[in-house]
2 protein chains.
Amino acid sequence: MGRMSVAERRDSLVAAAIRVAEREGVAATTTRAIAAEAGVSLATVHYCFARKQELLEGVLTAIVTQLSDAAQAELPPGGDPGVLLRDGLRRLWEVVEREPGRQQVTYELTQVALRTEGMAGFARWQYEVQSGLCRRHLEAVARAARIDWTLPMPVLARMLLAVVDGVVLGWLVDRDGATTRRSLDALAESIGGFSRPAGS
Amino acid sequence: MGRMSVAERRDSLVAAAIRVAEREGVAATTTRAIAAEAGVSLATVHYCFARKQELLEGVLTAIVTQLSDAAQAELPPGGDPGVLLRDGLRRLWEVVEREPGRQQVTYELTQVALRTEGMAGFARWQYEVQSGLCRRHLEAVARAARIDWTLPMPVLARMLLAVVDGVVLGWLVDRDGATTRRSLDALAESIGGFSRPAGS
DNA sequence: GTCTATAAGGAGATAGAC
DNA sequence: GTCTATCTCCTTATAGAC
């Protein structure tokens, strides 16, 4: 843990903060805990980030960016839109179920951002990014299944994002994976129903 | 603000805590802030609640109970299940849009409960109560529309609860009421589709 | 039952040596 | 860049007078 550039140290502190937040919760992610996790002194944290809020913004940005990078997937042509959506959500679900702490941190950070002066914009940005991922996936499904959606894209994207958020939130509370997966499948099928053959 | 019984004082402190939490967030709901809001001294709070966690449990209980009481509604016979569900969600939405702080506090408290030793049970209880409300509403819709649901009730109830949670969560971030209402309508219609005429 | 006063500790942030 | 030491403020909780 010798000397490194400010940029490297910042990345290392953000990574440490994410580990602490997943393990202990965002509320318990103090600058002291982050410093200990990263193996540096408290003052080093404040040398790299003028205020703690800047570090939290870095955490939120890193989490959203990682999620965004992981969500890219191309779809082979053909198939039913409901089935394509269902398969996409099942792949997403595997990731969620493997990293529950990450999802919990995401929701906690959104709440913190909404309540913190000057961070509300980050919450909205996070939501726009996730909404954009939903939109792109819905467009990919439309191309693959050769259909047009019968609802405006903003409405459909919001439906899909709401379904994912709500389902994950519920699972974080009761950890009933079986019922959760069946609900997710049914909701995917539902949304797939808002389609008609392309150009008709 | 003279003397009152412990029970009365506890209720008054819980009510004060809810007001502070709606205004400032659960994280900022300190015993001092609650005492000030209730017009009593700090020591009085600790006289009525041995630990702060007991007070928070009282807040969560009060919020869930109030929500539960407000959700009762009888449905006139006849109509389409999707339309009945949609109308129910629209009534619920009016309440949500009128009291955004209340919803935000609910999510914040769930997160706190999940992270707090000894409070995880409260989060699960909260979820079971809300799930029960969804189940009862779905059963009422089935009676009114004379249909049977084509999915098991636990799955349907979870779908409905997830939809409400996800939609509210998204609206708390971007406050786009128009898109939110259209998404809610479409999702209600979707869930209504998992039905067939009764006894067929 | 309610108060004032205080304990005991944790938080973010900074000063100044190296 | 990183450290130790410290400041200042705020938190939960308690003691003891009234």
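Per chain, numbering begins at 1; letters A, B, ... match sequence-line order.
Remark: P of D/dT2 and CD1 of A/I34 are 16 Å apart, rounded to the nearest angstrom. Atom-to-atom, NZ of A/K52 to C1' of C/dT14 comes out at 17 Å; the value is rounded to the nearest Å. Atom CD of A/Q53 is separated from atom P of C/dA11 by 18 Å (rounded to the nearest Å). Separating the CZ atom of A/R51 from the C1' atom of C/dG12 is a distance of 12 Å, rounded to the nearest angstrom. Distance, A/E8 CD to D/dG1 P: 10 Å, rounded to whole Å. Whole-Å rounding puts the B/E24 CD to D/dC10 C1' distance at 15 Å.
Picking from C/dA13, C/dT2, D/dA13 the nucleotide with the shortest atom distance to the side chain of A/L42 gives C/dA13. Counting only heavy atoms from C-beta on, B/H46 has its side chain closest to D/dT14 among D/dG1, D/dT14, C/dG1. Distance from the side chain of B/T30 is smallest to D/dT12 among C/dT2, D/dT12, C/dA11. With D/dT12, C/dT14, C/dT2 as the candidates, the nucleotide lying closest to the side chain of A/A43 is C/dT14. When distances run from any side-chain atom of A/Y47 to the nucleotides D/dT2, C/dA15, C/dG12, the shortest one goes to D/dT2.
For B/R19, the CZ atom is densely surrounded, since the number of other residues' heavy atoms within 6.0 Å is greater than 12.
Across all strands shown, B/V6 has heavy atoms under 4.0 Å from sugar-phosphate atoms exclusively, and none from any base. If you check every strand for non-hydrogen atoms under 4.0 Å, A/R32 touches a base.
The side chain of A/R9 contributes no N or O atom lying less than 4.0 Å from OP1 or OP2 of D/dG1. Phosphate proximity of D/dT12 to B/T31: present, with a side-chain N or O under 4.0 Å from OP1 or OP2.
In summary, the side chains of B/T116 and B/Q53 do not present any donor paired with an acceptor at a separation below 3.5 Å, with no hydrogens or angles considered.
Each of A/S41 and B/T29 was matched to the nucleotide of DNA chain D holding its nearest heavy atom; the match closer to the 5' end belongs to A/S41.
Ion pairing between B/E139 and B/R135 holds under the 4.0 Å rule for side-chain N and carboxylate O.
Taking the centre and axis of the six-membered ring of A/W93, the NZ or CZ atom of A/R91 falls outside the cone set by 45° and 6.0 Å.
Each of B/L133 and B/Y127 belongs to its own hydrophobic cluster when Ile, Leu, Val, Met, Phe, Trp and Tyr are linked at side-chain heavy-atom distances under 4.5 angstrom.
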